[in-house]
Amino acid sequence: MSRKKENVHEEEVSNVLARQSFSKVFKMLLIGTVLALVAASCGVGQEGPSDQGDTGGGGGGQAQICMMPKLVGIPYFNASEKGAKEAAEELGVKLNYNGPSEAKAAEQVQMIEQMIQQQCDAISVAANDPEALAPAMKKAGDAGVKTSAWDADVKQDARQYFVNQATFEAIGQQMVEIMAEETGGKGKFLVVTGSLTAPNQNAWIDEMKKHIKNKYPEMSIASVEPGEEDLQKGIDVTKNYLRANPDTAGVFGLTTVALPGAAEAVQQLGVTDQVAVTGLSTPNQTKPYVKSGTVKKFVLWNPVDLGYLAVHVANRQVNGNMPSEKGAKFKAGRLGEVEMIAPDEVLLGPPLVFTKDNIDEFNF
Ligand code: RAM
């Protein structure tokens, strides 16, 4: 092979080698990148919680978290579902979010039984009746399902954790303070609640009565009427009561449906100057009544965040790393650190107060 040919060849070889080493380097780089990508998707080396709290499933494949609202189809529980879905996606768990079409405990019991059959790894419920749901939730726990309640608690010995939106005191007292401010702390009041067995509303009513007794002796809750999470029923109950009790100073709507119902009733009766209205509801539902001046201030929390937190808690239960000490803190995704206010209760945070000045900042 002549010198010139040799040179050409050498060049080719080095090109090939270069290509080979390039392809070797390239391959190495490729392998390295793939490994890095795989590592990244498994969260290895990322700055995350020390425990496995935030990754989906107890290591046995994709966990299935079953979550039940009091009922489906109202804005509050649609918002909770939105947050629950967000967390489920983030954590890589399967979410089954379902509930009855009316706020009925008996239907919830049947659905819990079905969820046990469906092999849910965790079941989290918002109870219409803490006693009625207890046997089915105990059965789930005995079957190895992780159990919790969110928004509205089940009997304490029938679930492992309760995800509470805000303390009963804070919610109850905040509503009374708003009503006292509007009525000078005097008068007889109607409460439109959900079902008469609803644990969260009953706890708030207890705190309202306690606070009124302690601070506003000239205020009294004259009647508690069920609105059953139904808007028209809330309107009718309020109208009938106000017609029969024209000396009523104000109405507390204690569900996100009852407050707009009470406001609508007061407007329809044309007594917005005599009857004050406050309570709990979502800003989107109540905005028209704030804009019209019928509702000055009202209270809630972020139901999207509540649904989101409930899935994080259920997932940690499945992973076996949910703290069980008062004061313990854990990371719940974008919510950051949340705190246990009891060995079996985690709190989302303080209640929010909505006014005409801040209501446009919220969209739920
Ligand atoms: C209703 C439900 C829910 C409660 C809110 C304030 O939509 O009763 O349980 O937390 O109102």
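Each ligand, and each atom within it, is numbered from 1 in the order the structure gives. Bear in mind the structure is a predicted one, so any value in this text is a computation, not a measurement.
Near Glu229, meaning under 4.0 Å from one of its heavy atoms, ligand 1 places the atoms 1 (C), 2 (C), 7 (O), 8 (O). Heavy-atom proximity to Gln165, at under 4.0 Å, picks out these atoms of ligand 1: 10 (O). Contact atoms of ligand 1 toward Ile74: 7 (O) (distance under 4.0 Å to a heavy atom of the residue).
Tracing side-chain contacts under 4.5 Å through hydrophobic residues (I, L, V, M, F, W, Y), one reaches Val295 starting from Phe362; they form part of the same cluster. When hydrophobic clusters are built by joining Ile, Leu, Val, Met, Phe, Trp and Tyr residues whose side-chain heavy atoms come closer than 4.5 Å, directly or via intermediates, Ile123 is not grouped with Val72.
With respect to Glu177 and Lys215, a salt bridge is recorded, a charged nitrogen being found less than 4.0 Å from a carboxylate O.
On a distance-only criterion, Trp301 and ligand 1 share no N/O pair closer than 3.5 Å. In terms of N/O distances under 3.5 Å, ligand 1 is not approached by Thr255.
Heavy-atom distances between Trp204 and ligand 1 reach below 4.0 Å in at least one pair. Heavy-atom separations between Val257 and ligand 1 are all 4.0 Å or longer.
Within the structure, side chain to side chain donor-acceptor pair (under 3.5 Å) pairs that include any residue of residues 115-128 comprise Asn96-Gln118, Gln108-Asn128, Ser124-Ser148 (at least two apart or interchain). Every pair tested for salt bridge (charged side-chain N to carboxylate O under 4.0 Å, His left out) that includes a residue from residues 160-173 fails, sequence neighbours excluded, so the list is empty.
Of the protein's heavy atoms, Thr256 N, 3.0 Å lies nearest to atom 11 (O) of ligand 1.
Proximity annotation for atom 9 (O) of ligand 1: of Leu259, Asn128, Asp151, Asp151 comes nearest, heavy atoms only.
Here the NZ-CD distance, from Lys297 to Gln174, works out to 8.0 Å after rounding to the nearest 0.5 Å.
If you run ring pair (Phe, Tyr, Trp, His ring centres under 6.0 Å) between Trp150 and each of Phe162, Tyr308, Phe77, Tyr161, only Phe77 comes through.
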